[in-house]
Structures are given as structure tokens and as C-alpha cells.
Amino acid sequence: MSTDHFPLAIIGAGLGGLTAARVLHVHGIESAIFDLEASAAARTQGGMLDIHEENGQKSLHAAGLHDDFLKLVHEGGQAMRLLSPDGTVHVSEEDDGTGGRPEVDRGDLRDLLLNSLPAGTIHWGRKVIGARPLADGRHEVTFTDGSVITTDLLIGADGAWSRVRPLVSDAKPVYTGISLVETDLFEAATRHPHSAALVGGGFFIALGHERGFLAHRETDSSLHVYTALKADEDWLDTIDFTHHAAAKAAVLAHFEGWDEGLRDLVADAETISPRRIHALPVGHRWDRVPGVTLLGDAAHVMSPFAGEGANLAMFDGAELALAIAAHPGDTEAALSAYEAVLFPRSEASAAESAASLDTMFGKRGLEQMVEFFSTGPAAQ
Ligand SMILES: Cc1cc2nc3c(=O)[nH]c(=O)nc-3n(C[C@H](O)[C@H](O)[C@H](O)COP(=O)(O)OP(=O)(O)OC[C@H]3O[C@@H](n4cnc5c(N)ncnc54)[C@H](O)[C@@H]3O)c2cc1C
């Protein structure tokens, strides 16, 4: 099999890799993206993301896509409700359109980026198994189908379990102690009106006893719910998620005595699936390695409880692309400039995410979150 050469190869077509490719394209620099998914439509990308002014939205400005992004915003999606286990509402805020963190559907945002790239940029169905440096400063990347490419600049945007990361670091994500069970309630307005009213138009949290329910109202009127609790790393393996009734019962056994409306977010769900939360060490960094770098979760996967990961992935992608554009012909200067600000930025967000996990699932989680939201949006 012949070896194709790509001057700039990005592994991973997540929000981070796509933003990097788009901002490079805006600056007249073409790249190739390789992703393990079979096609753009291979997997639904559900889930709402709030896109922050200071990073996610800045990236969309750099990508020349901010106006199109605004057309995707879920009106009313910045509403927020916080409840205790007995169903008492402690915080209820409507979306008055003035918040700085508009909500969008992750799939819509991804489509916006995908459609902004020249045809052929993304090579689908290419799962990387490893990469190695070559004597001439380039890198060789190997795929599961046996094919191999070489590249002058290798960008690992391949998420938490990055196959590019070992080129720069031995660090691996560690289980945070929090396990999630994800459920969906489809067509909530008509099929689950009580749950729809409970969750409201945007983001919803019910917390207590070091566990809780986190939910979003999606643009298609479904409810996406994360049931979160502290559990041993193998707890989810003890549940058979192919048997929905048994899986729901196993999860709800940890929510005995909670308000029935809250329990219905699991009991009435049409889907149920497990997810463990892993994080790289706070302050993860590496020494400069010629011709390769990381962005997004590959560089700094963190728990999702500060809502920063996707925003940071996009910001990293934009910042890396801008650094490359600002240092034509000097990749090492570009990577050094990018990493010099990447490391402190990621460390601050990772520390914030870890602290947020401790707060939410600590003994005074509810009280502290009520205080947090009472001090106003500036605290978010
Ligand atoms: C439950 C949950 C809720 C979250 N909520 C939020 C939120 O509200 N706000 C927020 O900002 N962030 C949130 N996050 C974090 C956010 O999802 C991630 O930080 C973000 O998706 C990282 O983007 P990325 O582009 O770095 O990586 P990813 O989105 O993981 O994309 C990586 C890409 O690489 C591809 N890939 C992986 N391995 C290979 C391989 N070996 N070969 C080729 N391709 C490969 C994958 O197919 C994928 O397309 C949440 C995360 C979780 C788990």
C-alpha cells in the first residue's frame, strides 16, 4: 500500500478538530482530517451545549461563522431550574435573551463546521491505531485498515482516549468517581408533559445526598437526562443496559425517597445508557515535541460539570490555527506560542471543573449551588 503525504493532518473530526480546520481554511491553509466514524451521519450527536462568549463564541468569530451560529441558538435554552430531592424548586430563572451563554444542539453546531470545510477535507472511516516520529522530523500515522500516512504537522484532536497523545505524554485519563446514566424522553411536550414542565425550557439540576439529575430540554422537545452518582468504577458493569426495566430499577434504587416526578426522568425514559466520567490530571502538560501537538479533550479531558470541554476544544482549535497562520514556515514557533497559553488556560478550567464536581456531589451540594446561582450570572 502506498503512503500518502499530508502537510497538515488533524486526527479527529470533533468540534475541536473541525474548528482548527475551518480557521486554517479561512487563512488559506488546507488540512486533512481523519476520523474513525464511517460518515458525518454515522452517529447522532445529541446534547445541548452552552457556548461561552469568552472562548466558544470567540472561536466562531475566528471561523467566520458567528452569524450562522446565532441562527442555531435554542431560544429559551438559557432558562435554569434547581431542585432538591423532595421536588422543591430553589432556583428558577427564565431565559430573557440577555445571557452570554446561548444553547445550541451539538449536532447543529457540528454540521455548521462540517459544511464550512472544502469537500474532501475529512477522510471518514479512518481509525488511527498509532503514530511514530520519522527521522526527518515528520510523523507516520497508521490506521486499522493497514493504511499509513505521513505528515509534517500532526494534530491530535482525537478526544479523551487519543492515539496521538502518547507521542508527547504518558498521562492517561483517570476515573473521577462519578458515573452517569443517560436517558432520553422523546417528544416530551406531548408524551411526557409532567417531566417537560418539571425540567422547563433549558437546563435543570436536582441535587442532594451526593447525587442528582441533570437535564436539558432539547430543540426537538425531547429531554436528555444525566443521572449522576458517586460509584465504584465497575458499578455500571453490574447493570444490564439491554434490559431497560431492570436497568432503570437498578439506577432508581439509589434514589429511594426522591420525588416521583424526579424519578420519572429515568422511569419513563425511552433510552438508557451508561457513561463513566474520566479526567486527565489537572495541569497536564508536555515538553515540546517537534511536529506534533494536541487540542481539546486529547490535551485536557476534564469532568463536564463546569460545561467547558467543548468550548475549550473549539477555542484550542481556533488558537492553534491562528498561531500556525501567524508563523508561516515556522511550525515550531507556532506550536510553542500555542502551547505556552494552552497549558495555563487548560489548567485553570480543569481545576474549575474538578472543584465543580466536588461542590455538586459534596455533602452541601444543593446549598452551595443555590448560593452559586443566587450570586448572579457573573459567578457562572
Ligand atoms: C456527559 C457529558 C456532557 C458534556 N457537556 C458539555 C457541555 O455542556 N459543554 C461543554 O462545553 N462541554 C461538555 N462536555 C465536554 C465535551 O463533550 C468535550 O470536551 C468535547 O466534545 C471535546 O471535543 P474534542 O473535539 O476535543 O473531542 P471529541 O468531541 O471527543 O472528538 C474526537 C473525535 O475524534 C475521533 N476519534 C477518536 N479516536 C480516534 C481514532 N483513534 N482515530 C480517528 N478518529 C478518532 C472521534 O470519532 C471524534 O469525532 C460534556 C462531556 C460529557 C461526557
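As the structure lists them, so they are numbered: ligands from 1, and atoms in each ligand from 1. All residue numbers in this chain count up from 1 along the given sequence. Owing to the predicted nature of the structure, the values given are computational and were not obtained by experimental measurement.
By the side chain to side chain contact (heavy atoms under 4.5 Å, CB included) test, Arg345 pairs with Leu312, Phe315, Asp316, Glu319, Tyr338, Val341, Leu342, sequence neighbours left out.
Distance from atom 45 (C) of ligand 1 to its nearest protein heavy atom, with residue and atom name: Leu36 CD2, 3.4 Å. Here the heavy atom of the protein found nearest to atom 48 (C) of ligand 1 is Asp35 OD2, 3.4 Å.
Distances between N or O atoms of Gly296 and those of ligand 1 include no value under 3.5 Å. Between Gly16 and ligand 1, at least one pair of N/O atoms sits closer than 3.5 Å. Backbone and side-chain nitrogen or oxygen atoms of Arg106 are examined, and one is located within less than 3.5 angstrom of a nitrogen or oxygen of ligand 1. When only interatomic distances are considered, the shortest N/O to N/O separation between Asn311 and ligand 1 falls below 3.5 Å. For ligand 1, none of its N or O atoms has an N or O atom of Lys127 under 3.5 Å away.
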Side chain to side chain donor-acceptor pair (under 3.5 Å) for His52 and Gln57? Distances and angles first, verdict last.
CA-CA 6 Å; His52 307 170; Gln57 289 191 52; over 6 Å; no
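Distances from atom 24 (P) of ligand 1 to the heavy atoms of Gly130, Ala313, Ala310 put Ala313 nearest. If you check each of Ala13, Pro304, Gly17, Ala298 against atom 3 (C) of ligand 1, the one with the closest non-hydrogen atom is Pro304.
Ring geometry for His66 versus Phe69: interplanar angle of 30 to 60°, hence tilted.
Interface of Leu180 with ligand 1, defined as ligand atoms under 4.0 Å from a residue heavy atom, comprises 1 (C). Heavy-atom proximity to Arg126, at under 4.0 Å, picks out these atoms of ligand 1: 42 (N), 43 (C). With ligand atoms numbered from 1 in the order given, ligand 1 contributes 41 (N) to contacts under 4.0 Å with heavy atoms of Arg163.
Under a 4.0 Å N-O distance rule, the pair Arg364/Glu367 does not qualify as a salt bridge.
Think of Leu265 as one node in a network of Ile, Leu, Val, Met, Phe, Trp and Tyr side chains linked at under 4.5 Å; its network also takes in Leu83, Val89, Val181, Leu185, Leu198, Val199, Phe204, Phe213, Leu223, Val225, Leu229, Trp235, Leu236, Ile239, Phe241, Val251, Leu252, Phe255, Trp258, Leu262, Val266, Ile272.
Placement of Val23 and Met314 in two distinct hydrophobic clusters is found when ILVMFWY residues are connected by side-chain heavy-atom separations under 4.5 Å, directly or transitively.
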